[in-house]
Amino acid sequence: MPKIQSPPGMRDFYPDDMRQQNWLFDAWRDVSRSFGFVEYEGPIFEYLDLYKLKSGDGIVSELFHFQDRGEREFAIRPEMTPTLARMIAARANALPRPIKWFSIPRMCRAEKPQKGRLREFFQWNADILGLDEMIADAEVIAVVVAFLRRIGLSPSEAVVKVSSRPLAARLLESIGIAPERQGGAFDLIDRMTKTPAAEFDKKWNDEFGGSAPAARLRSVFRQSSLADAEAALGGIDGPAREAFADLWNFLKAFDVADFCRFDPGVVRGIAYYTGTVFEVHAADRSHRALAGGGRYDNLTGLLDGPNVPGVGFGMGDAPIQSLLADLGRTPKLDEALDAFLIDADARFFPQLMAVANRLRANGLRADFSYKRQALGKQFKQASSRAARVAVIIGEEFEQRGELIVKNLATGQQQAVAIEELATELSRL
RNA sequence: GUGAGUGUAGCUCAGUUGGUUAGAGCACAAGGUUGUGGUCCUUGGGGUCGCGGGUUCGAGCCCCGUCACUCACCCCA
């Protein structure tokens, strides 16, 4: 039989990997719930049309899609937003507001794998729907920052770059780029940090140099605070500016502003987002975006649903794990047993089983060797299984109903009556 | 789809100008140890040297092809 490996861009999760994954998911869940979000889930694949509707026919080559026997066309979900839109649209009028939902879907994209980007991955999604106010935008960012703090990242390691589509449009307009030309301008700006400066300047000047030379664009779009950008422009005003100031005040009120920077270069596509946009990056730019999100005016519009505004983000598991590994910040995790049971002699094995049954019934994690062998060997196993204590069943048990409980971290041991074993272990 | 780099044990790697039976550390297993683990010692299992072809008396090493992985480009919802 030929050797078959895992498909390209897909991962096996051995127990060590699974612990890391669960640790990450626990952080995502705990943080989501601490902000009052509730969890939802959808199907692993949807009708292909759902994705065509949102992203156009060009999306199909990026999807894993197939037909069932009824020749219906499906695609494994490449993102969660269309599913969310479908679910919200179906019950839009029945759901109490605000809708604060999160999910950790597994998804697939038919891409060529590279660093921090796989064909199968998990992506934390959190959205606030049914509320068109800046406090929601700020709270969504606050959730992201709470997560960054939770996994031990500081503002010197991860930053949230925040902008606003209407504000960035206003900035472009103020340097002389008319609204109908801004789509092309944003396409270029989106790639500004990846493109060598000279090459970018040439492309920009070829297309927009007549209105605003590249140097002028840089003076406005390479700012880390709105005040600096305004100074470069000589002041701007209007609703976009007020809304953004509002957002910033809420970010301060949520106590997350230290992680946030104004960066009008954050564009994130042009069709989808309509208001606030943000991305999370490693401060040293060693990775692709760790997360991205923003406000969309009408999530359910393309499904003929009622108008529901929303704001949310997605964060993939791969870039985060990759960053933590590079920083040496991967947590040390084990699945420790509460007790490893040891028989002093093979004749005590039936009693050992009885003790194991008793501990397990009490919700404790207990295990033992399948082989009857020397005490030393059994202790070795107890250590390698990271058990908190070893419990010896021997002569004392036969004579007085006592077990020897040895704390494997301190080396101390004591006799404990069988009746008190479970409570004693819970206490230790 | 395009380009570059890398393929030797489960992992990290060594392997001389091409030369006998391809090695080490870690990990795994057994023993040293019939009432005490972590650190020690001994032994063992594990390899189609990614795969196929070529050159050669002889290829892990050289050549061609191919596949896989990694990184980057395209794209990024």
Side-chain angles (χ1 to χ4, degrees), chain A residues 2-12 14 16-17 46 50-56 58-63 75 77-85 105 107-119 121 123 125 187 190-191 194-196 199 267-273 277 279 286-289 291-294 296 299 302 312-314 316 318-319 322 337 340-348 369 371-398 403-413 415:
Chain A
K3 185 156 82 177
I4 296 179
Q5 34 185 195
S6 63
M10 302 199 167
R11 293 168 289 178
D12 293 323
Y14 287 87
D16 284 346
D17 311 309
E46 295 270 7
L50 182 64
Y51 303 114
K52 283 189 185 169
L53 216 52
K54 185 194 164 212
S55 307
I59 195 69
V60 175
S61 64
E62 303 294 323
L63 302 178
R77 61 187 175 195
E79 58 167 329
M80 199 54 171
T81 305
T83 297
L84 176 64
M107 42 191 58
C108 293
R109 297 178 185 177
E111 297 184 285
K112 198 153 187 169
Q114 50 190 287
K115 186 177 185 184
R117 186 188 204 186
L118 300 161
R119 284 183 153 190
F121 56 96
Q123 190 189 60
N125 282 250
D187 278 347
D190 204 14
R191 265 166 256 166
K194 298 179 66 170
T195 314
E199 188 183 327
V267 176
R268 295 200 60 70
I270 50 168
Y272 186 59
Y273 293 111
V277 287
E279 286 181 353
S286 57
H287 292 72
R288 66 180 54 249
Y296 35 87
L299 177 70
L302 46 80
F313 69 89
S322 170
L337 291 170
F340 193 88
L341 309 186
I342 291 173
D343 60 7
D345 187 280
R347 72 190 149 96
F348 299 121
S369 173
K371 294 197 301 192
R372 311 314 348 127
Q373 55 188 354
L375 269 195
K377 289 294 174 198
Q378 297 185 67
F379 265 97
K380 267 198 171 84
Q381 280 197 55
S383 293
S384 69
R385 295 288 297 279
R388 287 159 55 222
V389 304
V391 177
I392 305 170
I393 294 92
E395 307 278 356
E396 312 81 356
F397 188 67
E398 193 167 49
L403 301 150
I404 307 300
V405 175
K406 177 170 181 175
N407 182 320
L408 289 171
T410 65
Q412 292 177 328
Q413 62 182 47

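Below, all heavy atoms of this structure are taken into account, side chains as well, without hydrogens, waters or symmetry copies. Every chain is numbered from 1, with letters handed out A, B, ... down the list of sequences.
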Engineer: Can you check the A:Glu398 CD to B:G35 P distance for me, whole Å?
Structural biologist: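 Going from A:Glu398 (CD) to B:G35 (P), I get 15 Å.
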Engineer: Measure CG/A:Leu403 against C1'/B:U36 and give the value in whole Å, please.
Structural biologist: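 So the CG-C1' distance, A:Leu403 to B:U36, works out to 15 Å.
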Engineer: With heavy atoms under 4.0 Å as the rule, sort A:Gln378 into base, sugar-phosphate or nothing.
Structural biologist: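 Nothing, no nucleic acid heavy atom in range.
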Engineer: With heavy atoms under 4.0 Å as the rule, sort A:Lys377 into base, sugar-phosphate or nothing.
Structural biologist: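 If one applies the 4.0 Å heavy-atom cut-off, A:Lys377 turns out to touch a base.
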Engineer: Expressed in angstrom and rounded to an integer, what is the separation of A:Lys371 atom NZ from B:U34 atom C1'?
Structural biologist: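 Interatomic distance, NZ of A:Lys371 to C1' of B:U34: 16 Å.
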Engineer: Base, sugar-phosphate, or nothing for A:Gln381, non-hydrogen atoms under 4.0 angstrom?
Structural biologist: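 Result for A:Gln381 = nothing.
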Engineer: What residues from residues 382-390 of chain A pass a heavy-atom cutoff of under 4.0 Å to RNA chain B?
Structural biologist: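 Within this stretch, A:Ser383 sit under 4.0 Å of the strand.
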Engineer: For A:Glu396, answer base if it contacts any base atom (sugar-phosphate contacts may also be present), sugar-phosphate if it contacts only those atoms, and nothing otherwise; contact means non-hydrogen atoms under 4.0 Å.
Structural biologist: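 Base, at least one base heavy atom under 4.0 Å.
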Engineer: When we call it a touch if two heavy atoms are under 4.0 Å apart, what does A:Pro8 touch: a base, just sugar-phosphate, or nothing?
Structural biologist: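 Here A:Pro8 touches the backbone only, sparing every base.
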Engineer: For nucleotides B:U55 and B:C63, find the distance between their C1' atoms and express it as a whole number of Å.
Structural biologist: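 The answer is 7 Å between these two C1' atoms.
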Engineer: Classify A:Ile392 by what it touches in the nucleic acid, base, sugar-phosphate, or nothing, heavy-atom distance under 4.0 Å.
Structural biologist: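 A:Ile392: base contact, heavy atoms under 4.0 Å.
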Engineer: A:Lys380 has a side chain; which of B:C75, B:G38, B:U36 sits nearest to it?
Structural biologist: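 For the A:Lys380 side chain, the nearest candidate turns out to be B:G38.
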Engineer: Partner lookup for B:G38, please. Criteria are Watson-Crick or G-U wobble with both distances under 3.5 angstrom; report none if nothing qualifies.
Structural biologist: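 Its partner is none (no Watson-Crick or G-U wobble pair with both distances under 3.5 Å).
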Engineer: Give A:Gly411 one of three labels, base, sugar-phosphate or nothing, depending on what nucleic acid heavy atoms sit under 4.0 Å from its own.
Structural biologist: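 If one applies the 4.0 Å heavy-atom cut-off, A:Gly411 turns out to touch a base.
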Engineer: Considering only side-chain heavy atoms of A:Ile404, which listed nucleotide, B:U36, B:C71, B:U34, is closest?
Structural biologist: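 Within the option list, the nearest is B:U36.
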